Amino acid sequence: MLPRKSVTWVLLFLFIFFNLSTSQSDPRWAAKKRRLRNKVRTMFYHAYDNYMIHAFPHDELKPLSKSFTDSLSELGNLKLEHLPQDYNGSALTLIESLSSLVIMGNNTEFESAVGWLSENLTFDVDARVNLFECNIRVLGGLVSAHLLATDSTDRLGQGVYKNQLLTLAEDLGKRFLPAFNTPTGLPYAWINLKYGVVENETTETSTSGCGSLILEMGALSRLTGDPKYESAALRSLRKLWSMRSSLNLLGTTLDVSTGDWIEYSSGIGAGVDSFYEYLYKAHILFGKEEFWRMFHSAYIAVQKYFRHGPWYHEADMRTGKATYWQLTSLQAFWPGLQVLVGDIAAANSSHREFFYVWNKFGVLPERYLLDHQMLHPTEKYYPLRPEFAESTFYLYQATKDPWYIEVGESIVNSLNLYTKVEGGFASIRDVTTMQLEDHQHSFFLAETCKYLYLLFDDSFLVEQNYVFTTEGHPLPVLSSWQDRLPDTYIHSNWTSLKTEKEARRTSAMSKQVCPSTTLNSWECAGQQIESACHIPDVHSDHRCLTDEECGVDSTNCRRRSCSMAGYCGLWLFI
Ligand code: DMJ
């Protein structure tokens with residue numbers, strides 16, 4: 001028999017051997033990732049080219065009939081009412097594709113898209129649009145593309161770009177502002193781009209509609225130097241947060257004129273999802289403690305009242321009692337957010353269950369009744385949603401576990417098998433029959449293809465730290481946008497600067513910024529780096545046995561600790 005010490009060494013050796021042999025440094029994995037990356041690129045261009053041929057400059061492609069839909073004004077299922085006869089659309093899919101073109105390295109197409117939008121796009125149209133959708137898709141697409149066009153990489157030819165996208169974004173931002181003119185500061189869900197809020201407009205909106213504006217509108221304010229966009233979004237977010245119950249739960253729908261809840265039941269899916277996402281991502285982007293405190297309380301409440309093993313049901317915000325036991329396709333973003341928080345074990349367990357359902361049907365159905373183990377009778381569709389691919393990307397970034405590459409491969413295969421048609425990629429109307437629907441949503445290009453691409457090739461993330469908006473548009477984390485972080489989180493942690501090698505190894509989730517107030521201190525002065533407080537975890541896969549093997553967090557200068565499951569993260573009280 002081997003002595004106990006030897007057994008430990010053997011196990012340790014096997015553990016290291018297994019990790020090395022399956023790690024991404026293995027040439028077989030590198031080749032596989034390259035092949036899959038190329039496959040995703042082909043998918044993106046099949047969707048993009050067909051849009052450009054059959055639908056541009058209208059909003060979205062109808063891939064079966066090879067025609068178009070001007071869906072921006074219909075997003076949220078309300079019909080377009082006032083568009084002029086000769087309206088040609090807002091080129092929604094083109095705007096949504098801008099950042100994906102950059103990530104895939106197609107600067108030529110990016111430049112020509114920017115050129116077309118600069119000359120032709122106008123928001124002076126008599127169209128009633130959904131504020132939330134227009135914000136995440138159009139404003140987010142423009143602001144992100146502007147930041148990519150003006151970063152240090154010189155993507156556009158010299159002198160080509162004169163802030164045209166920012167001018168368009170500012171024009172759009174101004175048209176949003178009348179929506180916030182309510183007694184509560186909570187914005188109307190719908191706004192007419194030309195005339196503002198129309199008479200008898202509905203006062204009902206969703207939690208996401210009030211709480212998921214801060215990234216795009218905050219970025220617009222930082223870029224224009226005009227605080228009014230960020231202030232409007234912040235006022236709305238603070239009001240929303242003040243409406244939480246004593247359990248720190250929120251409902252799903254509310255009235256913007258009275259500030260009363262309409263639907264008291266909520267979960268982490270439709271109508272609420274991006275509210276949670278933006279609390280944490282706003283903390284990363286702007287470094288505000290306020291956002292972290294809100295997120296922290298909200299996250300704990302979600303885990304306490306909605307979570308049931310790997311699943312998340314809905315609950316009544318007043319009592320915390322479970323209401324609906326349903327899995328929805330939108331919930332699949334949650335493990336990705338949990339990775340950012342460092343709650344990797346919880347993320348992994350939910351992700352596995354989503355994959356189980358994905359495999360059962362071939363794609364993720366919109367709604368699955370957990371208590372009856374059956375599909376929702378009227379929501380059997382799969383509109384090419386990105387959330388499961390998004391979480392797979394985040395989990396791979398954090399763990400480098402090749403299992404997630406396998407998951408990504410099966411997503412790619414399913415999309416090609418069931419949804420690819422001659423004229424693009426079609427939504428699935430019914431996952432039991434795989435009957436198709438004539439719609440290629442713009443988020444297929446903005447998010448689904450992008451997250452799959454980044455899963456297999458994250459070279460875009462190597463030089464810069466980004467936050468992805470809820471529509472998948474990257475916003476760089478800039479030191480100049482960071483508020484001051486509390487001293488306790490900074491000075492004791494500022495023990496080392498990244499070496500060139502470490503900087504190259506890090507990614508979106510492991511780089512860090514210098515808080516702006518400390519930019520002139522000796523630690524940061526003159527350094528061409530975005531981070532000073534970051535200390536990488538000892539192991540690049542973020543595994544650990546003790547706290548000492550964990551570094552200082554990339555995004556907010558907090559010391560990371562080792563979880564029960566053996567991962568470094570921001571574990572705090574979670
Ligand atoms: C996207 O438009 C955004 O991710 C939004 O937050 C909700 N989900 C859709 C795509 O499924």
Side-chain angles (χ1 to χ4, degrees), residues 132 135-136 139-140 143 180 185-187 207-223 227-244 248-250 268 272-303 333-334 336-343 394 465-471 473-490 508-509 511-517 533 553-558 560 569-574:
F132 166 79
N135 174 64
I136 64 170
L139 187 61
V143 163
F180 293 84
L186 298 164
T207 297
S208 299
C210 299
S212 319
L213 303 154
I214 190 73
L215 291 187
E216 293 82 0
M217 295 184 74
L220 182 60
S221 277
R222 306 293 170 120
L223 288 166
K228 62 182 179 240
Y229 312 105
E230 185 168 347
S231 303
L234 191 55
R235 182 168 171 235
S236 165
L237 183 57
R238 284 180 176 150
K239 172 66 190 171
L240 188 67
W241 184 241
S242 76
M243 290 163 60
R244 69 194 184 280
N248 284 332
L249 294 175
L250 292 92
I268 54 166
V272 196
D273 46 1
S274 48
F275 158 73
Y276 294 107
E277 183 182 355
Y278 273 33
L279 288 180
Y280 191 61
K281 290 185 174 175
H283 171 61
I284 298 175
L285 195 63
F286 304 123
K288 264 195 204 310
E289 271 303 293
E290 180 185 7
F291 296 137
W292 167 254
R293 279 197 303 272
M294 289 180 190
F295 175 78
H296 191 242
S297 313
Y299 184 78
I300 290 176
V302 165
Q303 297 301 89
F333 89 102
W334 190 253
L337 183 61
Q338 291 184 307
V339 167
L340 287 179
V341 186
D343 207 348
Y394 279 111
N465 192 13
Y466 291 97
V467 159
F468 288 89
T469 69
T470 191
E471 192 69 3
H473 297 303
L475 301 174
V477 181
L478 302 168
S479 45
S480 52
W481 287 12
Q482 296 280 306
D483 278 15
R484 186 186 161 80
L485 290 168
D487 288 351
T488 45
Y489 296 129
I490 303 172
M509 279 164 289
K511 288 182 92 179
Q512 177 55 301
V513 297
C514 284
S516 54
T517 48
C533 69
D553 193 74
S554 55
T555 52
N556 50 25
C557 296
R558 293 170 200 266
R560 290 154 66 89
L570 284 180
W571 284 91
L572 299 179
F573 315 105
I574 294 159

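Owing to the predicted nature of the structure, the values given are computational and were not obtained by experimental measurement.
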| Mind checking whether S297 and W241 have side chains closer than 4.5 Å, heavy atoms only? | yes
| query | Among all residues two or more places apart in sequence or in another chain, which pass the side-chain hydrogen bond (donor to acceptor under 3.5 Å, both in side chains) test with R293? | reply | none
| task | Please tell me if the side chains of D273 and S208 come closer than 4.5 Å, counting only heavy atoms from C-beta onward. | result | yes
| query | So do F291 and I214 actually touch side chain to side chain, heavy atoms under 4.5 Å? | reply | yes
| query | Atom OH of Y466 and atom CG of L475: how far apart are they, to the nearest 0.5 Å? | reply | 10.0 Å
| query | Under 30°, 30 to 60°, or over 60°: which ring-plane class applies to H283 and W292, parallel, tilted or perpendicular? | reply | tilted
| task | Using modelled atom types only, decide if a donor and an acceptor are shared between the side chain of Y276 and the backbone of I268 within a distance under 3.5 Å. | result | no
| query | Rounded to the nearest 0.5 Å, how far apart are CD1 of I136 and CG of L139? | reply | 11.0 Å
| request: Check step by step if side-chain contact (heavy atoms from CB on, under 4.5 Å) holds for L249 and R244. | output: CA-CA 5 Å; L249 294 175; R244 69 194 184 280; over 6 Å; no
| field | Where F286 and A219 come nearest, the two heavy atoms and their spacing | value | CZ-N, 3.9 Å
| request: Apply side-chain contact (heavy atoms from CB on, under 4.5 Å) to S231 and list each qualifying residue two or more places apart in sequence or on a separate chain. | output: P227
| request: Taking the side chain as every heavy atom from C-beta outward, state whether W334 and E277 have any pair of such atoms under 4.5 Å apart. | output: no
| message | How close do V467 and L215 get, counting heavy atoms only, and between which atoms? | response | CG1-CD1, 4.2 Å
| Would you say L237 and F275 make side-chain contact, with heavy atoms under 4.5 Å? | yes
| field | Heavy-atom side-chain proximity of L250 to M243 below 4.5 angstrom | value | no
| query | Are L213 and F180 close enough, and set up right, to give a side-chain contact (heavy atoms from CB on, under 4.5 Å), and what steps lead you there? | reply | CA-CA 11 Å; L213 303 154; F180 293 84; 3.8 Å; yes
| message | Looking at every heavy atom in both P187 and G209, which two are closest together, and how far apart are they? | response | CG-O, 3.8 Å
| field | Evaluation steps, side chain to side chain donor-acceptor pair (under 3.5 Å), between Y394 and Q338 | value | CA-CA 9 Å; Y394 279 111; Q338 291 184 307; over 6 Å; no
| said: When you compare the side chain of L220 with that of E230, does any pair of heavy atoms fall below 4.5 Å? | reply: no
| remark: Those residues at least two apart in sequence (or on a different chain) that pass side-chain hydrogen bond (donor to acceptor under 3.5 Å, both in side chains) with Y278 are E216
| message | Set out, in order, the CA-CA distance, both residues' side-chain angles and the distance that settles side-chain contact (heavy atoms from CB on, under 4.5 Å) for H296 and L279, then state yes or no. | response | CA-CA 9 Å; H296 191 242; L279 288 180; over 6 Å; no
| note | Between P476 and L285, the two heavy atoms sitting closest are O-CD1, 3.5 Å
| Is the shortest heavy-atom distance from the side chain of Y229 to the side chain of L223 under 4.5 Å? | no
| Between S236 (side chain) and C210 (backbone), is there a donor-acceptor pair under 3.5 Å? | yes
| If you round to the nearest 0.5 Å, how far is CG of L337 from NZ of K281? | 7.0 Å
